[in-house]
Amino acid sequence: MSPWTGGCRRRRCCSGPSPSWPSCSLVLYILLVCSQYWALAVLYSAWLYIDWDTPSTGGRRSEWVRSLTVWKYFANYFPIKLVRTAPLSPHLNYIFGFHPHGILAIGAFGNFCTEGTGFSSLFPSLNPHLLMLPGWFRVPFFRELLMRLCLVSSDKRSASYLLSKKNAGQALVIAVGGPPEALDAKPGEMTLQILKRIGFIKLALTHGAHLVPVLSFGENNLYYQVNNPPGSLLRNTQEKLQRFIGLALPLFHGRGVFQYSLGLLPHRRPVYTVVGTPIPVVKNPSPSPEDIIALHTLYVEKLKDLFETHKVKYGIEKECQLVLC
């Protein structure tokens, strides 16, 4: 998958709850089908048919679910902190460019899908929507949780629907580098795939949505990844699989429940997600390539500035450089 790239074709963002959740949801559905409660599975299948397009038309957010106490514990585990550098007007729409994707985009989920870090207090009257791979919304039951946590499908129709609503205050959160960027997620490094990602820029111009660069310091420190330098056999295999199935498959590990050396739990390391100053965008329904390139160049410069301004404060070595590709 190549989210929000030139041409605006395949726009996807792999973020959200633990990968084990969809498996459990699917198993539950299969158990219903194979049990005396098969009628419930049939009814739910009919509901799926009726409700199929909801993830592309704003979803079904629930402030109650987003505000559950469990998300406070989730955020405090690392901990995850949301940092505001400038107020955002609820009378405008925004596109948040989230960087880096990391292994599981945990910072994006914790900050924008839940109230675990106090999003609504920092940005009152803004409605965040994290864009996620459309396929996840086909998983029975799991899709219901995703939508209540304000995740929406990452197809073009979904983004355009939200940015075209009469009520302003919509904030689309896009992990610009997408799953390919996950292959570069290693502790102490910050490699972003941004130079060829222009689809989200065109989207912002088309709808007049202001651009907001977002850097999640510490995102890449949550897991260790098997060494896979560009050009290696492992990296070439991962990239081919990614192009074929639309998902990156990093080989990673975290910690266990009772030990710290091996497991699938993320390490307890702080994540500071810094929301930058918005870049004003004038609506242009038919932007030229020059318009897109000019805004993209400005966005990259603001992203670099955000990194240099905050890197030392949030745990990045002064010598560390932002790598853009």
Side-chain angles (χ1 to χ4, degrees), residues 1-17 22 45-62 92-98 101 105 108-109 112-113 126-180 196-212 242-243 245-247 281-289 291-292 295-296 299:
M1 131 185 103
S2 188
W4 304 101
T5 59
C8 302
R9 292 184 180 179
R10 301 172 67 187
R11 303 169 172 84
R12 303 172 179 174
C13 166
C14 288
S15 327
S45 296
W47 166 251
L48 276 180
Y49 178 79
I50 296 170
D51 198 54
W52 194 255
D53 290 333
T54 301
S56 295
T57 53
R60 192 180 297 109
R61 68 189 297 124
S62 167
L92 300 169
N93 289 328
Y94 302 91
I95 293 178
F96 286 18
F98 181 84
H101 183 283
F109 173 74
F112 304 117
C113 296
L126 278 191
N127 297 314
H129 307 271
L130 180 60
L131 275 63
M132 189 175 188
L133 181 70
W136 292 117
F137 295 96
R138 309 308 181 219
V139 181
F141 304 119
F142 183 58
R143 70 189 294 273
E144 313 303 335
L145 173 63
L146 293 180
M147 286 192 286
R148 278 160 178 75
L149 289 170
C150 76
L151 286 115
V152 296
S153 178
S154 57
D155 56 77
K156 181 180 178 181
R157 173 190 172 195
S158 175
S160 296
Y161 175 88
L162 289 167
L163 294 177
S164 299
K165 293 182 70 171
K166 291 182 179 179
N167 296 330
Q170 309 303 321
L172 273 64
V173 184
I174 301 173
V176 177
K196 296 181 180 179
R197 302 296 204 261
I198 60 174
F200 76 108
I201 299 292
K202 183 178 180 180
L203 181 72
L205 282 166
T206 302
H207 294 277
H210 292 207
L211 284 168
V212 182
Q242 188 274 322
R243 287 192 292 268
I245 65 176
L247 289 172
V281 177
V282 178
K283 185 174 182 179
N284 182 356
S286 301
S288 66
D291 295 329
I292 295 172
L295 183 56
H296 182 271
Y299 179 86

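Just the heavy atoms: all of them, side chains too, but no hydrogens, waters or symmetry mates, feed the values below. All values derive from a computational prediction rather than experimental measurement.
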Nearest heavy atoms of Ala209 and Leu163, plus distance in Å: CB-CD2, 4.0 Å
Rounded distance [0.5 Å steps], CG in Leu149 versus CE in Met147: 11.0 Å
Main-chain N/O of Leu205 paired to Asn284 side chain as donor or acceptor, under 3.5 Å: no
Nearest heavy-atom neighbours spanning Ser154 and Leu131: CB-CB, 3.7 Å
Nearest heavy-atom neighbours spanning Val176 and Gly97: CG2-CA, 3.8 Å
Spatial distance of atom OG1 (Thr206) from atom CD1 (Ile201) [nearest 0.5 Å]: 11.0 Å
Nearest-0.5 Å distance that lies between atom CG in Asp51 and atom CD in Glu144: 6.0 Å
Residues forming a side-chain contact (heavy atoms from CB on, under 4.5 Å) with Ser164, sequence neighbours excluded: His207
Short side-chain to backbone donor-acceptor contact, Ser153 and Ser158, under 3.5 Å: no
Ring pair (Phe, Tyr, Trp, His ring centres under 6.0 Å) partners for Phe96, two or more places apart: Phe112
N/O donor-acceptor pair under 3.5 Å between His296 side chain and Arg197 backbone: yes
Separation of Cys113 SG from His129 NE2 (nearest 0.5 Å): 11.0 Å
Tyr299: side-chain hydrogen bond (donor to acceptor under 3.5 Å, both in side chains) partners, not counting sequence neighbours: His99
Minimum-distance pair of heavy atoms, taken over all atoms of Leu130 and Val173: CD1-O, 3.5 Å
Between CG on residue Leu203 and NZ on residue Lys156, distance to nearest 0.5 Å: 8.5 Å
Passing candidate, side-chain contact (heavy atoms from CB on, under 4.5 Å) with Val152, options Leu162, Thr57, Leu146: Leu162
For the student: nearest non-hydrogen atoms of Leu151 and Met132, plus distance: CD2-SD, 3.4 Å
Distance, nearest 0.5 Å, that separates CG of Asn127 from CG of Leu172: 10.5 Å
Contacts of Arg138 that satisfy salt bridge (charged side-chain N to carboxylate O under 4.0 Å, His left out) - sequence neighbours left out: none
Any side-chain heavy-atom pair of Pro128 and Arg61 under 4.5 Å: yes
Partners meeting ring pair (Phe, Tyr, Trp, His ring centres under 6.0 Å) with Phe137 (sequence neighbours left out): none
Minimum-distance pair of heavy atoms, taken over all atoms of Leu92 and Ala168: N-CB, 3.9 Å
side-chain contact (heavy atoms from CB on, under 4.5 Å) partners of Asp53, counting only residues at least two apart: Arg157
